[in-house]
Amino acid sequence: MAVSTIKSSGGDYSSLSAWEAAVAADLTGSGPEEAECYDFDDTTGVVISGWTTTASDYIRVYAVSGARHNGVGRDNSGVGYRITGSGSTAALNIQEDFVRIEGIELEAGTTSESIKTNNQASGSDVRLNDLILIDKAASASNSYNVNATNTNLNISITNCIIAGKRRAAEIRGATSGTMDHCVMFTDAAGLGLVADASNTVTNTAAFGYSSACFWLGGSTVNGSNNASSDSTADDDYSASIIDLVTGDEFTNATILSSTLDFTLLDSSLNGNGTGSLTNDIAEVAYPSPSDIGCHAYVVAGGLSIPIAAYHYNQNIGSRA
């Protein structure tokens, strides 16, 4: 395994794109190739291509401890490694089979995606974990912030925030696509998640999409325990919650890195999740039962608690 540091100065490379160009190789038998990213704004979009990877010899890009965002935007918290696309150049274009991206922020160019995928072969495994994905479109668009539709793609999207005026994400058409504990938000018209029977979606909240938070035009999607501001979360997904008010659920739902904060209020999303994912986007432990969205609900004093039990006790106590 080889690890390179990505820093604005003093690292092995001063941008992820420079690392990718220099290090791309046949990794077969050599173990993972890792880029350890530090706290700065990397303004060059990256294309990951020209490698040979395997399930054991994969590409990993991650924010080092101390340079990882804390679950809110870099411009809000002042912390985090971010890649920004430009114009039609995606922030990150993944064209290899075995890739893991963890704990960073990605901002799309004005006419591009935060993340796009293509050219994967059969058996691929692309993992997007703990990411903040923001598009910079000026108005609603039929294009996607996350475009992951290519044949042979196997992709998982976990603990991610997808925000902007574009459609949130399309994973329809991939061989398999899973989305778990994500939040999608817009303040513009359009679609949220476009998925089909090859996909499984759980613990995911989609808010603000006036056309449909969860697209219903294709084959029935697998999954459960999702939530939406419209009525679409319970059409394909069991145990889901609908017709929620955005301001009742999140601390500050916006599409801007400078203000977005999808930490949970004491709300309908708390304790209504499923599964056994250990930590949220900010590395806080999820309670049991889990919450919907990418943040575990934290009560005053900093404790994450099983909120479903809390609501049950309140319902038989002093308030309905």
Side-chain angles (χ1 to χ4, degrees), residues 37-43 61-85 91-92 101-108 114-115 128-137 145-146 157-166 168-169 179-187 192 203-208 227 229 244-267 269-270 273 277-287 290-304 307:
C37 302
Y38 284 71
D39 185 8
F40 76 103
D41 212 352
D42 190 338
T43 57
V61 177
Y62 65 96
V64 69
S65 178
R68 181 187 166 101
H69 63 71
N70 60 0
V72 300
R74 172 181 168 81
D75 293 336
N76 186 343
S77 66
V79 176
Y81 172 75
R82 174 170 61 193
I83 304 173
T84 305
L92 184 60
I101 313 295
E102 305 167 10
I104 68 176
E105 181 174 327
L106 296 157
E107 285 200 3
S114 289
I115 288 183
L128 309 178
N129 297 328
D130 306 331
L131 306 181
I132 298 175
L133 306 169
I134 299 173
D135 82 53
K136 302 295 283 293
N145 190 357
V146 176
I157 305 172
T158 306
N159 277 343
C160 291
I161 294 168
I162 304 172
K165 292 184 181 294
R166 289 188 181 89
M179 180 175 283
D180 186 34
H181 283 287
C182 291
V183 171
M184 295 172 282
F185 177 76
T186 191
D187 61 5
N203 301 306
T204 290
F207 281 68
S229 57
L244 299 179
V245 177
T246 306
D248 293 343
E249 308 301 325
F250 305 107
T251 298
N252 192 28
T254 74
I255 65 172
L256 302 175
S257 177
S258 58
T259 53
L260 71 79
D261 184 349
F262 288 95
T263 53
L264 297 182
L265 302 174
D266 185 3
S267 71
L269 304 183
N270 305 338
L277 188 64
T278 302
N279 292 331
D280 74 359
I281 191 173
E283 301 185 300
V284 175
Y286 279 116
S290 190
D291 302 318
I292 297 173
C294 61
H295 282 278
Y297 175 61
V298 178
V299 299
L303 297 177
S304 177
I307 298 301

For this session: Please identify each residue that fulfils salt bridge (charged side-chain N to carboxylate O under 4.0 Å, His left out) with Asp130, with sequence neighbours left out.
Result: Arg68

Problem set entry | Gap between atom CD1 of Ile292 and atom CG of Asp180 - 0.5 Å precision | 11.0 Å

Exercise. Any side-chain donor-acceptor pair under 3.5 Å between Tyr81 and Asp42?
Worked result: yes

Problem set entry | Closest contact, heavy atoms only, Ala296 versus Ala285 | CB-O, 3.4 Å

Problem set entry | Rounded distance [0.5 Å steps], SG in Cys182 versus CG in Leu131 | 8.5 Å

Exercise. Between Asn70 and Ala282, which heavy-atom pair has the shortest distance, and what is it?
Worked result: O-CB, 3.3 Å

Problem set entry | Shortest non-hydrogen contact between Ile255 and Ala163, atoms and distance | CA-CB, 4.1 Å

Problem set entry | Donor-acceptor contact below 3.5 Å, side chain His181 vs main chain Cys294 | no

For this session: For the residue pair Leu277 and Ser290, establish whether any side-chain heavy-atom pair is separated by less than 4.5 Å.
Result: no

Seminar exercise, completed: Heavy-atom closest pair (Ala108 atom, Arg166 atom, distance to 0.1 Å) is CB-NH1, 3.7 Å

For this session: Considering non-hydrogen atoms only, spot the tightest contact between Ser257 and Glu107 and give its length.
Result: CB-OE2, 3.4 Å

For this session: Indicate yes or no: at least one non-hydrogen side-chain atom of Asp41 is less than 4.5 angstrom from one of Thr84.
Result: yes

For this session: Scan side-chain atoms only and decide if Thr263 and Thr251 contain a donor-acceptor pair under the 3.5 Å cut-off.
Result: yes

Exercise. When Phe250 is tested against each of Tyr297, Phe207, Phe185 for ring-ring contact (aromatic ring centres under 6.0 Å, His included), which residue passes?
Worked result: Phe207

Problem set entry | Interatomic spacing from CG in Leu269 to CG in Asn203 - rounded to 0.5 Å | 10.5 Å

Exercise. Atom CD1 of Ile115 and atom CG of Leu133: how far apart are they, to the nearest 0.5 Å?
Worked result: 5.0 Å

For this session: Identify the heavy atoms of Asp39 and Ala67 that sit nearest to each other, and give their distance.
Result: N-CB, 3.3 Å

Exercise. Listed by chain and number, what are the salt bridge (charged side-chain N to carboxylate O under 4.0 Å, His left out) partners of Glu105, not counting sequence neighbours?
Worked result: Arg82

Exercise. Would you find a donor on one side and an acceptor on the other, under 3.5 Å apart, between the side chain of Ser267 and the backbone of Leu265?
Worked result: yes

For this session: Indicate yes or no for a side-chain donor-acceptor contact from Asn76 to the backbone of Leu260 under 3.5 Å, with no hydrogens or angles considered.
Result: yes

Exercise. About how many Å separate CD of Glu102 and CG of Asn159, when rounded to the nearest 0.5 Å?
Worked result: 11.5 Å

For this session: Kindly compute the distance separating CD1 (Ile161) from CE (Met184), expressed to the nearest 0.5 Å.
Result: 12.0 Å

For this session: May I ask you to check whether Ser114 and Asn145 show a side-chain donor-acceptor distance below 3.5 Å?
Result: yes

For this session: Indicate yes or no: at least one non-hydrogen side-chain atom of His69 is less than 4.5 angstrom from one of Ile281.
Result: yes

For this session: Using atom types as modelled and distance alone, determine if a side-chain donor or acceptor of Ser229 lies under 3.5 Å from a backbone N or O of Gly208.
Result: yes

Problem set entry | Note, Asp291 side chain near Asp280 side chain (heavy atom, < 4.5 Å) | no

For this session: Side-chain contact test, heavy atoms from C-beta onward, threshold under 4.5 Å: evaluate it for Met179 versus Val146 and give yes or no.
Result: no

